[in-house]
Undergrad: 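What follows is a structure written as structure tokens; I'll ask about it next.
Every value quoted in this text rests on a predicted model; they were computed, and no experiment measured them.
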Amino acid sequence: MSSLKRVLISSPVRQTADILSPFLRSLADLEKMTVEVSYLFIDDNVDDPASQLLCQFQIEQGSTEIQHEANHDHVYVKDEITHYWQEDAIWKVARMKDTIIEYALEHQFDYLFLIDSDLVLHPHTLEQILLADKDIIANIYWTKWQPDTCEMPQVWISDQYTLYRKERKETLTDQESAIRMWEFLHQLRVPGIYEVGGLGACTLISSKALQAGVRFAEIPNLSFWGEDRHFCIRARALGFTLHVDTHYPAYHIYRAADLAGVDAFRQSYQELTASDRKITISLCIIVKNEQQALPICLHSVRGIPDEIIIVDTGSTDRTKEVAATYTDHVYDFPWIDDFAAARNFAFSKATQQYVLWLDADDTLTEKDRGLFLSLIGGLDSEVDRVTMAYHLSFDENHNVTHSLRRNRLVRRACQFQWIGAVHEYLAASGSVYHSEVAITHRKDKAHTDRNLQIYRKRIEDGQLFTPRDHYYFANELREHRCFEEAITYYELFLEEEGWQEDKIAASLHLGECYSHLGQREEQLLALFRTFEYDLPRADCCCRIGAVYLSELDYHQAIYWYEQAAKSTKPTEVMGTFDHSSWTWLPHVQLCLCYDRVGNLDKVKFHHDIAFSYNPTHPSILHNKRYLEQTGKF
């Protein structure tokens, strides 16, 4: 008698053929050394080519049963923004999943592996999660629930989708909640097995849990949305803990645009041979007291650098010990209040063709890691510099709020140097390749006045400031609410030679300072000053609109918000972008303005656009309720 574990891999399937194909291929590619696998699909397709793919899989793989769902009346719509679930469609899926559970019980499988049909699995996935020996365990995957948001996991801590731990009687500030959330998300980036409060979509369930009564059917007195919540609550009530395995994240084809990343995902788990690599890379990082962040950063770039160089500037924790587990190239550099000096020292230790720089709190998502590996296999070795997007901050709904492009990977032979003691920049030029790779910044340390004090000390020492120094010193002053002093340095910078993007940003910041001081005319003049450097941009138009909106001048506000809504985002600009101004913000403000002037049709028009960008924002939800009350929704 076989000692292999009997596993049923199953999925309800309503899918397009182009998404279903990589899903099925990943099932076929799963390693199955310790298991005997059978498959069950419930065919709910309205797309004949998708049904044909299931039949083809059945012929090629064997041990496959296909059941056909007769009722196709439930509407399920998805587009490049999000998925739009109706309540009846959710409970239809729950019913199909419970049918699968009954099948697994009837045929006495040891495990049921329920997988959504828009996932692509790593070949090691099944063997890995079986090793965990848990009754209910999900394999991690990450999703951008809205375009231009950060990737979020399909597991959570509690309730509907709470991503931080909180005691029942505990009161947390927004900052404390955010810190705990990022701690949880950081943990999920480290390979391991962790207990969670909720999971779904890629879940291994033991026969013990199936026999005990875990199900997806609705719990009538529970208001939580989604069949996975009802499954998880029922499982915990039956005494089963829930876990997630983060060793081999799956890839989620949440929208059609994500199909472009499938090949990069496959590349991410195929080791690059020396012959596959068109370039070699030295990774350079300067650190101080980064024992928590450094492993997450280095794990996220595994397989990318040929050499890792860590320069420590005075850590008092275990940072150097952690670094030594990843590389033999760990160096000390005495801190002299000069970031450029430290980075140039790190670059001087590099020996490979290209130099990549990161901070310890930077990471690559799995998608971006795959894109980076593809870049290594295809980059022309004569390219001098490669730019990458840098996602700097996110809002409460995990939308990317600010990002910019930076020279991230540079040819070592060019001997580019870092310049600037604070807010340093890499003075790179020459041939450029603008890559699709994005670096995600996860700053989890409290903001300090370190940089401000470095600037003040330089002034005390009589050091001359460059125009760039004046700009960044003004930024530090503004962030520490020294508005009058900041104005002085912004005005000084704007009279000097400087980079166009910094000139635009300085004008916006100058307007903010005047706003805090209640100087309305000076604020508007500062904002209009941005037009000297480029065509009107959405972020500036929104700020001008906000001035008139605050004065209840709705017609003027409408004009400027309309200009923002019609603006086209510049391409390949290296400056910082406030993404909200180019997406949902002008439309939600236009809802308010048009309501005040009595044009309800325009309110509805702009609400629909705002909702498509950010359907969970409180202001947009408020507008939705308002429109429902008026009967216009």
Side-chain angles (χ1 to χ4, degrees), residues 4-14 35-44 65-67 69-71 74 85 87-117 119 125-126 129-141 153-162 168 193-245:
L4 298 177
K5 300 181 182 73
R6 296 182 64 243
V7 178
L8 176 65
I9 297 179
S10 189
S11 178
V13 181
R14 177 180 282 204
V35 296
E36 178 184 307
V37 168
S38 298
Y39 305 92
L40 169 63
F41 301 112
I42 298 183
D43 184 350
D44 187 36
E65 180 168 332
I66 301 174
Q67 297 182 5
E69 172 65 27
N71 181 6
H74 298 82
W85 282 91
E87 190 78 10
D88 55 355
I90 290 172
W91 302 117
K92 173 184 175 179
V93 171
R95 175 178 55 76
M96 289 191 286
K97 289 181 177 180
D98 285 347
T99 297
I100 292 169
I101 288 176
E102 293 301 328
Y103 182 96
L105 286 169
E106 180 184 347
H107 292 81
Q108 299 181 339
F109 284 96
D110 297 311
Y111 289 92
L112 167 62
F113 192 17
L114 269 175
I115 316 171
D116 282 3
S117 60
L119 295 173
T125 300
L126 182 56
I129 58 175
L130 283 166
L131 280 175
D133 194 26
K134 303 295 184 184
D135 288 307
I136 302 176
I137 184 167
N139 190 73
I140 192 77
Y141 67 84
Q154 98 284 14
V155 299
W156 58 96
I157 295 293
S158 62
D159 300 330
Q160 182 74 23
Y161 190 66
T162 300
R168 287 188 180 89
I193 296 167
Y194 307 103
E195 185 173 342
V196 294
L199 47 75
C202 191
T203 306
L204 185 75
I205 311 168
S206 73
S207 59
K208 178 182 176 182
L210 297 176
Q211 291 164 7
V214 295
R215 296 292 186 276
F216 290 87
E218 182 180 9
I219 302 173
N221 62 340
L222 182 67
S223 65
F224 286 169
W225 181 93
E227 81 283 2
D228 289 327
R229 277 81 181 166
H230 295 247
F231 171 88
C232 293
I233 291 170
R234 188 179 277 110
R236 289 299 287 128
L238 290 169
F240 294 99
T241 53
L242 309 175
H243 297 84
V244 62
D245 190 308

Undergrad: I'd like to check the ring-ring contact (aromatic ring centres under 6.0 Å, His included) partners of Phe240; sequence neighbours left out, ordered by chain and number.
TA: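 Listed in chain order: nothing, the list is empty.
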Undergrad: Nearest 0.5 Å please: distance from the CG atom of Asp116 over to the OG1 atom of Thr203.
TA: 8.5 Å
Undergrad: Checking His230 now: which residues fulfil ring-ring contact (aromatic ring centres under 6.0 Å, His included) with it, not counting sequence neighbours?
TA: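 By the ring-ring contact (aromatic ring centres under 6.0 Å, His included) rule, His230 matches Trp91.
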Undergrad: Quick one: pull up CZ in Arg14 and NZ in Lys92 and give me the separation to the nearest 0.5 Å.
TA: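 Reported to 0.5 Å precision, the distance equals 4.5 Å.
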Undergrad: Compare every heavy atom of Ala94 with every heavy atom of Glu227, then report the nearest pair and how far apart it is.
TA: CB-CB, 3.7 Å
Undergrad: Under the salt bridge (Lys or Arg N to Asp or Glu O under 4.0 Å) rule, collect the residues that match up with Asp228, sequence neighbours excluded.
TA: Lys97
Undergrad: Looking at residues at least two apart in the chain, or sitting in another chain, which of them share a side-chain contact (heavy atoms from CB on, under 4.5 Å) with Ile100?
TA: Leu8, Ser10, Pro12, Leu40, Ile42, Leu112, Leu114
Undergrad: Consider side-chain contact (heavy atoms from CB on, under 4.5 Å). Of Val155, Leu126, Ile129, which one does Asn139 pass it with?
TA: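 Exactly one candidate clears the test, Ile129.
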Undergrad: Which residues satisfy the side chain to side chain donor-acceptor pair (under 3.5 Å) test with Ser117, sequence neighbours excluded?
TA: Gln15
Undergrad: Check salt bridge (Lys or Arg N to Asp or Glu O under 4.0 Å) between Lys134 and all other residues, then give those that pass, not counting sequence neighbours.
TA: none
Undergrad: Suppose we screen for ring-ring contact (aromatic ring centres under 6.0 Å, His included). Which residues come up paired with Phe109, at least two apart in sequence or across chains?
TA: none
Undergrad: Residues in ring-ring contact (aromatic ring centres under 6.0 Å, His included) with Phe231, at least two apart?
TA: Phe216
Undergrad: Is a donor on one side and an acceptor on the other found under 3.5 Å between the side chain of Ser11 and the backbone of Ile115?
TA: yes
Undergrad: Can you list everything that forms a side chain to side chain donor-acceptor pair (under 3.5 Å) with Asp135? Sequence neighbours excluded, please.
TA: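 Ser206.
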Undergrad: Would you please name every residue forming a salt bridge (Lys or Arg N to Asp or Glu O under 4.0 Å) with Arg236, sequence neighbours left out?
TA: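 Arg236 satisfies salt bridge (Lys or Arg N to Asp or Glu O under 4.0 Å) with no residue once adjacent residues are dropped.
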Undergrad: Rounded to the nearest 0.5 Å, what separation is found between the CD1 atom of Ile101 and the CD1 atom of Ile205?
TA: 5.5 Å
Undergrad: Quick one: which residue pairs count as a salt bridge (charged side-chain N to carboxylate O under 4.0 Å, His left out) with a foot in residues 197-215, not counting sequence neighbours?
TA: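 Pairs touching residues 197-215 that pass the test: Glu102-Arg215.
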Undergrad: Donor-acceptor check, side chain of Asp44 to backbone of Glu69, threshold 3.5 angstrom: yes or no?
TA: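 Judged by distance alone, no pair lies under 3.5 Å.
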Undergrad: Grab the two heavy atoms, one from Leu238 and one from Val214, that are nearest each other, plus how far apart they are.
TA: CD1-N, 3.7 Å
Undergrad: Evaluate the side chain to side chain donor-acceptor pair (under 3.5 Å) criterion for residues Gln67 and Tyr103: first the C-alpha distance (whole Å), next the side-chain angles of each, then the deciding distance (0.1 Å), finally the verdict.
TA: CA-CA 11 Å; Gln67 297 182 5; Tyr103 182 96; 6.0 Å; no
Undergrad: Could you report the tightest heavy-atom contact between Gln154 and Ala138, atom names first, then the distance?
TA: NE2-CB, 3.9 Å
Undergrad: Restricting to salt bridge (Lys or Arg N to Asp or Glu O under 4.0 Å), what partner residues turn up for Arg229, sequence neighbours left out?
TA: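 With sequence neighbours excluded, Arg229 shows a salt bridge (Lys or Arg N to Asp or Glu O under 4.0 Å) to no residue whatsoever.
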